Amino acid sequence: MRKAIHTLSSYVDDIACSMEKFSEGDFNVQPEVEWQGDFMSIQDSFREFERKMSVMIHDIHSVADKVTGGASRVSATSEECAVASEEMTGQAQNLEQMIRRFKVADFEL
């Protein structure tokens, strides 16, 4: 009976330790004790959960990197558009000044 209680206690401790690591963002966790009997399916599920979480976190990081890259490109394009807009505004002002000079010149003749 004591052995059974000790075994169950070690499983609970193992789960608690692993869940603490999960809560800290460490999904590269393996059970520290070998579970036996009917508990082996729980251990298998635990390992599968850890594997899927690791894949999901990796995928999230990958998507976040792509979004960051896209945002950088959008930002650069925005800056280029702003510069082009300023240049066009300057050219439009120059054109307007030239037109005014021509109108003034027409009246002086």
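Atoms considered below: every heavy atom in the structure, side chains included; atoms not considered: hydrogens, waters and symmetry mates. Not measured: the values here are computed from a predicted model.
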* Cys81 side, atom SG; Glu86 side, atom CD - distance, nearest 0.5 Å -> 11.5 Å
* Atom pair CD1/CE of Ile60 and Met56 - distance to nearest 0.5 Å -> 5.0 Å
* To do: Taking the side chain as every heavy atom from C-beta outward, state whether Glu79 and Val83 have any atom pair closer than 4.5 Å.
  => no
* Could you check if a side-chain atom of Thr7 sits within less than 4.5 angstrom of a side-chain atom of Trp35, using non-hydrogen atoms only? => no
* Asked: Do Leu8 and Phe39 come within less than 4.5 Å of each other through their side chains, counting heavy atoms only?
  -> yes
* To do: Is it possible for you to say whether Ile57 and Val55 belong to one hydrophobic cluster, with membership spreading through side-chain heavy-atom contacts below 4.5 Å?
  => no
* Got Glu24 and Glu20 here, is their nearest side-chain heavy-atom distance under 4.5 Å? -> yes
* **Ser62 side-chain N/O to His58 backbone N/O, donor-acceptor pair under 3.5 Å** => no
* Does a side-chain N-to-carboxylate-O contact under 4.0 Å join Glu32 and Lys21? -> yes
* Ionic contact status for Arg47 with Glu34, cut-off 4.0 Å -> yes
* Structure fact -> Rounded to the nearest 0.5 Å, the CD atom of Gln91 sits from the CD atom of Glu96 at a distance of 14.0 Å
* **Qualifying residues under ring-ring contact (aromatic ring centres under 6.0 Å, His included), relative to Phe22, sequence neighbours excluded** => Phe27, Phe46, Phe49
* Asked: Honestly curious: do Met19 and Val12 fall in one hydrophobic cluster under the side-chain, below-4.5 Å linking rule?
  -> no
* To do: Measure the CD1-CG distance between Ile42 and Asp14 for me, rounded to the nearest 0.5 Å.
  => 11.5 Å
* Asked: So, Glu50 and Ser54: side-chain donor and acceptor under 3.5 Å apart, yes or no?
  -> yes
* Asked: Salt-bridged, Arg51 to Glu48, with N to O below 4.0 Å?
  -> yes
